[in-house]
Amino acid sequence: MRKPMMAGNWKMNKSVSEATALAKEIAELTSGYANVDRVICPAFICLPVVQWNLKDSPIQLGAQNCHWEESGAFTGEVSAAMLAGLVDYVIIGHSERRQFFGETDESVNAKIVAALAAGLTPIVCCGESLEQNQAGETQSFVSGQVRGALVGLSAEQVQSLVLAYEPIWAIGTGLAATAQQAGDICGKVVRATVQELYGAAVAGATRVLYGGSTKPGNIAEIMQQADIDGALIGGAALDGKSYAEMVRITSEVYAA
Ligand code: 13P
């Protein structure tokens with residue numbers, strides 16, 4: 001059985017002191033829900049102090065990006081090797097990085113390889129734009145992104161990572177995909193692509209998250225979808241109580 005995960009992507013929000021306070025609040029409010037993996041992804045500069053403050057907590061940490069090289073002349077970048085020991089997860093290929101920072105399927109693949117080599121678990125994002133959705137291109141585009149991300153990876157590596165389907169039109173818009181739409185793409189496109197490439201056992205073991213306007217009010221329905229194993233949460237993860245509520249609801253859905 002795939003363990004559910006609630007991953008908070010804090011994006012470019014929260015100062016070091018705000019991040020520390022939020023992380024502590026989340027640790028306290030979610031302590032009763034061990035059947036859910038709780039992952040928070042603050043900005044790079046917050047990671048050391050948040051890690052120190054969470055050292056006795058089951059909350060896991062993730063970064064929001066990494067570079068594909070181990071070290072070198074890449075001003076402003078942070079390598080996966082530098083993140084090792086600090087975080088367990090790293091978000092790779094978020095649509096905001098693809099849109100604003102020129103990331104491509106090739107660079108996403110290179111970053112995944114680097115993250116795995118450093119012992120980190122990549123949370124690999126995919127998702128179509130509104131135009132692609134309206135043109136009926138969702139399946140082919142998302143499946144192509146998954147294929148591009150996984151080039152050259154072994155079955156063992158693929159089942160160790162986390163995939164996240166985040167339709168761009170649902171991110172930060174309040175317009176979440178319906179639970180059924182989200183479940184369909186997570187199952188019939190994302191997991192089905194993994195199955196086509198690596199077989200049913202690997203596809204059955206790989207966690208697939210949904211992201212895009214998830215909140216306490218819609219998380220139960222989303223988590224009831226058989227092919228959705230968790231959420232990558234933006235805005236609602238910036239509030240300790242709403243994030244904790246989503247963890248609680250997920251815990252209940254899975255305990256049922
Ligand atoms: P929202 O939950 O704010 O829509 O953001 C989703 C997201 O981009 C998480 O990575």
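When a ligand or atom number is given, it counts from 1 through the structure's own listing order.
- Look at K215 and you'll find every heavy atom at least 4.0 Å from all atoms of ligand 1.
- Of the listed residues (R98, R147, K111), just one forms a salt bridge (Lys or Arg N to Asp or Glu O under 4.0 Å) with D105, and that residue is R98.
- Counting the atoms of ligand 1 from 1 in the order shown, those under 4.0 Å from a heavy atom of G212 are 4 (O), 6 (C).
- Residue A170 has at least one heavy-atom neighbour below 4.0 Å for each of these atoms of ligand 1: 4 (O).
- Against a heavy-atom cut-off of under 4.0 Å, G172 is close to the following atoms of ligand 1: 1 (P), 3 (O), 4 (O).
- Side-chain polar atoms of T20 and N53 form no donor-acceptor pair below 3.5 angstrom.
- Scanning all protein heavy atoms for the shortest distance to atom 2 (O) of ligand 1 gives G234 N, 2.9 Å.
- In terms of N/O distances under 3.5 Å, ligand 1 is approached by S213.
- Side chains of E166 and H94: a donor-acceptor N/O pair is present below 3.5 angstrom, by distance only.
- Against a heavy-atom cut-off of under 4.0 Å, E166 is close to the following atoms of ligand 1: 6 (C), 7 (C), 8 (O), 9 (C), 10 (O).
- Side-chain polar atoms of E128 and Y165 form a donor-acceptor pair below 3.5 angstrom.
- Ion pairing of E28 with K24 is absent here, as no side-chain N (NZ or NE/NH1/NH2) approaches a carboxylate O to less than 4.0 Å.
- By the 3.5 Å distance cut-off applied to N or O atoms, T173 is not counted among the residues near ligand 1.
- At a heavy-atom distance under 4.0 Å, atoms from both the backbone and the side chain of I171 approach ligand 1.
- Side-chain polar atoms of S129 and Q132 form a donor-acceptor pair below 3.5 angstrom.
- By the criterion of a heavy-atom distance under 4.0 Å, neither the backbone nor the side chain of A236 is placed next to ligand 1.
- Residues L29 and A244 share a closest heavy-atom pair of CB-CB, 3.6 Å.
- The distance from ligand 1 to the heavy atoms of G235 drops below 4.0 Å at these ligand atoms: 1 (P), 2 (O), 3 (O).
- Taking the charged nitrogens against the carboxylate oxygens, D229 and R191 do have a contact shorter than 4.0 Å, which makes a salt bridge.
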